[in-house]
Amino acid sequence: MITEYIKVTPQDTEILTKAGEIIRSGGLVAFPTETVYGLGGNAYDPKASEKIFAAKGRPGDNPLIVHVAAPEDAEAFAYTNETYYKLCRRFAPGPLTVILPKKDIIPLSVTGGLDTVAVRCPSHPVARALIKAAGVPIAAPSANISGAPSPTSASHVLHDMDGRIEMILDGGCCDIGVESTVIKIEDGVCTVLRPGDIIPRELCSVIPDVRVAAAVTDPTAAGDKPQSPGMKYKHYAPASRLVLLDGDREQFKEYVNSQKGKCAVLAYTEEIGNFTRAFVMDIGASGDAHTQMKRLFSLLRDTDSLCADVIYAHLPPKTDEFLALYNRIIRAAGCDIVKL
Ligand code: TXA
Ligand code: MG
């Protein structure tokens, strides 16, 4: 298949109409969102979701997120409730995904056989224009090959999906850089299944009782039956071994500088001059969680071309602000952590 790659703005009605038509008729279009690029197909068409799983090489029991242009559009395929609308009034459109009971119209192939469906209303203007042009909700996982870092630019998508899908819409780099916060609500308790840019403290302003699933910070706690199937898979892994160092900056510098092989380091901006023999990549200032989130996946992809024996990075703090970064990087490292 020839993949059409097109630069697009929200005003490019002709391109968006064509992309919407591809989705409505069962094809796949990758598109930008404020978090990461999505790989979109018609959420009502089981064949489209099968194509999504095939293009990504994704296990069929890992469900897809269904994207809508407005929160109330979820009524067509999910049983909503007052808490959902409260959350939407505060956070939609934006990087929040809410798990709701599904209606029959959503095929089980979209939800990985579950009786719930994940709903998200993205804020990126191209994503919103595409959903409107398609006229159907769009099922979309991140547009990477399963297991690879999520794509934060259209060139990442092209690298993974060229020849596998009908179209890639290039709307520039994603602002946030990690995927949306995924939550479920049960008996008045909100559980964060995947942390993102919307942090637990912010959710507390709408639902006072917010908990973080154990598997967010400890993937081995996921067990055989995790609450969110995506929790159990190895994710975001670069080609080289990634090792997280748990210690202060001085210990980090000494450890990296004492290594023998060909190594790369994801360093804080303040310490990029500290390393004598490692290839240094700037992940952002030590206290700047937003910049670090925005750069992480792109830097992990960049390390693939270095053929390093090992990549070192700091183990982030487990605070609200760094929770998404912590969650993604420990998975990328396969929990390979060295205590300094
Ligand atoms: O920011 C995002 O969420 C991006 C953009 C494209 O919107 N999408 C994304 O989708 O990250 P994906 O498929 O890569 O991740 C979806 C996550 C997985 O961890 C999956 O297990 C979880 O959401 N999920 C989906 N439906 C679920 C359900 N019914 N119950 C529990 N977890 C669910
Ligand atoms: Mg993904």
Note to self: Do the side chains of Asp309 and Lys262 get close enough for a salt bridge, i.e. N-O under 4.0 angstrom?
What the structure shows: no

Just to verify, what does [X] make a salt bridge (Lys or Arg N to Asp or Glu O under 4.0 Å) with, not counting sequence neighbours?
{"X": "Asp73", "result": "none"}
{"X": "Arg295", "result": "Asp282"}
{"X": "Glu271", "result": "none"}

Indicate yes or no for a side-chain donor-acceptor contact from [X] to the backbone of [Y] under 3.5 Å, with no hydrogens or angles considered.
{"X": "Asp187", "Y": "Val189", "result": "no"}
{"X": "Asp336", "Y": "Val243", "result": "no"}
{"X": "Lys102", "Y": "Phe77", "result": "no"}
{"X": "Lys294", "Y": "Thr152", "result": "no"}
{"X": "Arg277", "Y": "Asn257", "result": "no"}
{"X": "Thr13", "Y": "Gln11", "result": "yes"}
{"X": "Arg211", "Y": "Thr191", "result": "no"}
{"X": "Gln259", "Y": "Val256", "result": "no"}

Note to self: Can you tell me how the ring of Tyr268 sits relative to the ring of His314, calling it parallel under 30°, perpendicular over 60° and tilted otherwise?
What the structure shows: parallel

Compare every heavy atom of [Y] with every heavy atom of [X], then report the nearest pair and how far apart it is.
{"X": "Ala69", "Y": "Ile131", "answer": "N-CG2, 3.7 Å"}
{"X": "Ile52", "Y": "Gly40", "answer": "CD1-C, 4.3 Å"}
{"X": "Thr269", "Y": "Ala285", "answer": "OG1-N, 3.1 Å"}
{"X": "Ala30", "Y": "Ala143", "answer": "CB-CB, 4.3 Å"}

Margin query: Atom CG of residue position Asp104 - does it have more than 12 heavy atoms of other residues, nucleotides or ligands inside 6.0 Å?
Written below: no

Item checked: Over 12 non-hydrogen atoms of neighbours within 6.0 angstrom of NZ in Lys103 -> yes

Please check if any side-chain donor atom of [X] sits under 3.5 Å from a side-chain acceptor atom of [Y], or the reverse.
{"X": "Arg249", "Y": "Ser286", "result": "yes"}
{"X": "Arg120", "Y": "Thr35", "result": "yes"}
{"X": "Ser109", "Y": "Glu50", "result": "no"}

Item checked: Derivation of the side chain to side chain contact (heavy atoms under 4.5 Å, CB included) call for Phe31 and Ile138 -> CA-CA 11 Å; Phe31 60 99; Ile138 297 183; 4.1 Å; yes

Check: Hey, do the aromatic rings of Tyr37 and His156 have their centres closer than 6.0 Å?
Finding: no

Note to self: Between Ile145 and Arg164, does the side chain to side chain contact (heavy atoms under 4.5 Å, CB included) criterion hold? Intermediate values first, please.
What the structure shows: CA-CA 10 Å; Ile145 295 286; Arg164 293 169 179 254; 3.5 Å; yes

When rounded to the nearest 0.5 angstrom, what is the spacing between [atom1] in [X] and [atom2] in [Y]?
{"X": "Phe297", "Y": "Glu179", "atom1": "CZ", "atom2": "CD", "value": "4.0 Å"}
{"X": "Arg301", "Y": "Asn144", "atom1": "CZ", "atom2": "CG", "value": "6.0 Å"}
{"X": "Tyr79", "Y": "Tyr84", "atom1": "OH", "atom2": "OH", "value": "15.0 Å"}

Next item on the list: Step by step, work out the side chain to side chain donor-acceptor pair (under 3.5 Å) result for Thr97 and Arg194.
Entry: CA-CA 9 Å; Thr97 296; Arg194 182 178 70 182; 5.0 Å; no

Notebook entry, point to check: Arg89 and Glu82: salt bridge (Lys or Arg N to Asp or Glu O under 4.0 Å), yes or no, with the steps?
Noted result: CA-CA 11 Å; Arg89 278 196 288 278; Glu82 190 42 42; 3.1 Å; yes

Margin query: The test is side chain to side chain contact (heavy atoms under 4.5 Å, CB included); show your working for His124 and Ile176 and say whether it passes.
Written below: CA-CA 11 Å; His124 195 293; Ile176 295 172; over 6 Å; no

